[in-house]
Student: 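One structure is given below, represented as structure tokens, and several questions about it will come after.
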Amino acid sequence: MRPWVICVVCFSVWLLMRVVFFEGLQGSDDLYHMRFAALWDRIPANHWESRLLANGMIWASMKMFGRNEVAATLPSLIGSAMILGCVLWACRRYLTMAHGWWAGLLTAVLPVDVDGGTTIGAFTVMTAMMSVGTLGFLESPRSRSARYLAGVMLSLGVVTHLAGIYYVASLVVASLLMDYRRYAPSVLTLVITGIVFQVVDMGMMGVVYGDVWLGFRLALAQSGSQNPVASLMVGGEVNPEFFLWPVGHLVFSKEFGISVFAALVGGLCLYRQLPQPLRLLLICGLLFWGWMSFGTQVPWTYRPFWRLTKFIYPWVVPMVLLFAWVVERLRWKMIGGAVGGVVLGVCVANLTVGGSWGQNV
């Protein structure tokens with residue numbers, strides 16, 4: 001089938017899912033973003049309000065289309081569309097458009113992307129920038145333009161949402177482990193552009209609010225809040241739930257269904273057969289998942305991350321590419337189709353059920 005047909009079908013499913021399951025205002029973090037984007041006359045009071053780039057996009061959208069939840073959600077929706085575009089381009093570049101069916105459809109129905117793309121916030125915008133930057137990074141050893149694109153987009157992603165630094169670090173470490181000679185120039189470019197963009201963001205904080213460290217101070221205040229699942233119990237003994245929770249949600253979660261499990265486990269089992277770009281993305285995903293599950297938010301003391309599976313959202317493009325490759329690689333097409341259909345079906349089911357596993361409304 002022609003590539004444009006696959007793209008049209010995947011984008012049609014993508015649009016349908018986001019219309020049917022549109023969230024808008026949830027009454028959570030989104031209120032901080034929308035309120036601050038509408039009222040720029042005060043100093044940011046928390047780390048949501050300190051994300052100047054994302055809030056600026058929300059402000060611009062509301063300026064053009066009115067102060068309503070649809071307009072405020074538009075940057076996230078555009079980010080979600082960019083993620084799907086990255087997935088389809090990567091299939092055309094590194095795999096085949098037959099893989100594009102599975103990768104594109106999974107992206108279209110993935111609960112974390114449906115939810116993120118239809119709510120107000122910075123996380124989906126950051127993930128979209130990371131997705132473009134990741135593909136640029138893969139191309140960077142062969143193209144100077146791709147190297148600059150990767151540096152700019154990955155750096156913008158970190159400026160948009162500081163949590164992106166953990167994904168960038170995982171990608172850098174994975175690339176140096178895989179082939180440090182090929183990726184060293186790309187890493188150097190990324191470090192330089194990252195410093196430049198961070199200095200610009202801090203400079204804006206200093207000029208507008210009189211405190212260049214404001215964004216970091218607000219982020220540190222949030223990271224210092226009590227973790228709902230601590231690594232140690234009150235008596236000092238090890239808390240088994242802290243270690244079992246990430247494993248359980250790797251196998252099955254509301255945001256990803258069983259797609260992450262299928263991609264990681266399938267990729268590991270077929271590692272020797274993976275194309276080199278997918279090997280790099282698999283190692284990046286293992287490092288990223290491990291750090292977000294058991295690592296620390298700050299380097300000078302152990303502060304584990306909150307128990308949120310959406311934290312691995314920036315790895316979404318590599319994940320769906322690995323999933324599509326594994327499904328297509330299964331020896332018997334009937335088995336591959338059944339596995340792929342189950343993974344997609346679980347995602348759709350997670351969107352439709354109610355309660356703590358379903359939508360907020």
Side-chain angles (χ1 to χ4, degrees), residues 6-23 26 73 76-77 79-88 90-91 95 98-119 121 123-124 127-128 131 246-267 281 285 288-289 292 308-330 335-361:
I6 296 176
C7 293
V8 169
V9 172
C10 289
F11 270 102
S12 298
V13 175
W14 172 88
L15 181 61
L16 176 65
M17 297 300 291
R18 279 142 191 81
V19 170
V20 173
F21 296 104
F22 181 84
E23 287 275 7
Q26 294 182 331
T73 306
S76 295
L77 193 62
S80 176
M82 288 175 59
I83 292 170
L84 179 56
C86 287
V87 166
L88 295 173
C91 287
L95 302 173
H99 297 88
W101 273 117
W102 292 112
L105 289 176
L106 178 58
T107 307
V109 302
L110 197 64
V112 68
D113 194 61
V114 175
D115 179 72
T118 58
T119 54
F123 218 80
T124 301
T127 299
S131 300
V247 177
H249 284 73
L250 168 67
V251 177
F252 182 80
S253 68
K254 170 189 171 183
E255 288 86 354
F256 294 94
I258 57 176
S259 59
V260 175
F261 180 77
L264 281 179
V265 174
L281 298 179
F288 186 51
W289 175 81
M292 301 308 289
L308 295 173
T309 53
K310 79 166 188 176
F311 281 160
I312 60 173
Y313 186 17
W315 189 64
V316 63
V317 170
M319 186 274 290
V320 297
L321 293 179
L322 283 165
F323 161 77
W325 192 89
V326 168
V327 170
E328 282 290 313
R329 197 66 180 178
L330 290 176
I335 295 179
V339 171
V342 168
V343 172
L344 295 178
V346 169
C347 288
V348 175
N350 281 6
L351 285 167
T352 58
V353 296
S356 60
W357 290 96
Q359 294 296 294
N360 294 310
V361 292

Student: Could you tell me if Thr119 and Gln26 have a donor-acceptor pair between their side chains, going purely by distance under 3.5 Å?
Tutor: no

Student: Go through the structure and list residues passing ring-ring contact (aromatic ring centres under 6.0 Å, His included) with Phe288, not counting sequence neighbours.
Tutor: Tyr167

Student: Quick check for you: to the nearest 0.5 Å, what is the distance between Leu351 atom CG and Asp115 atom CG?
Tutor: 8.5 Å

Student: Over all heavy atoms of both residues, which pair between Cys91 and Leu321 is shortest? Give the atoms and the distance, please.
Tutor: SG-CD2, 3.7 Å

Student: Please find the pair of heavy atoms, one from Val109 and one from Cys347, that lie closest to each other, and give the distance.
Tutor: O-CB, 3.6 Å

Student: CZ/Arg18 to CG/Leu77 distance, rounded to the nearest 0.5 angstrom?
Tutor: 7.5 Å

Student: For the residue pair Ile6 and Gly100, what are the closest heavy atoms and their distance?
Tutor: CG2-C, 4.1 Å

Student: Taking only residues two or more places apart in sequence or in another chain, which ones pass side-chain hydrogen bond (donor to acceptor under 3.5 Å, both in side chains) with Trp102?
Tutor: Glu328

Student: Residues two or more places apart in sequence or in another chain: which of them pass side chain to side chain contact (heavy atoms under 4.5 Å, CB included) with Val342?
Tutor: Ile258, Val346

Student: How long is the gap from CG on Asn350 to CD on Glu255, to the nearest 0.5 Å?
Tutor: 8.5 Å

Student: Only counting residues at least two apart or in another chain, list the ones meeting side-chain hydrogen bond (donor to acceptor under 3.5 Å, both in side chains) with Trp14.
Tutor: Ser80

Student: Would you say the side chain of Ser253 lies within less than 4.5 Å of the side chain of Val260, judging by non-hydrogen atoms?
Tutor: no

Student: Which residues pass the ring-ring contact (aromatic ring centres under 6.0 Å, His included) test with Phe256, sequence neighbours left out?
Tutor: none

Student: Please collect all side-chain hydrogen bond (donor to acceptor under 3.5 Å, both in side chains) contacts where either partner lies in residues 311-322, sequence neighbours excluded, each pair once.
Tutor: Asp113-Tyr313

Student: Quick one: closest heavy-atom pair of Leu281 and Pro318, and the distance?
Tutor: CB-CB, 3.6 Å

Student: Any idea which heavy atoms bring Ala262 and Val343 closest together, and the distance?
Tutor: CB-CG2, 4.4 Å

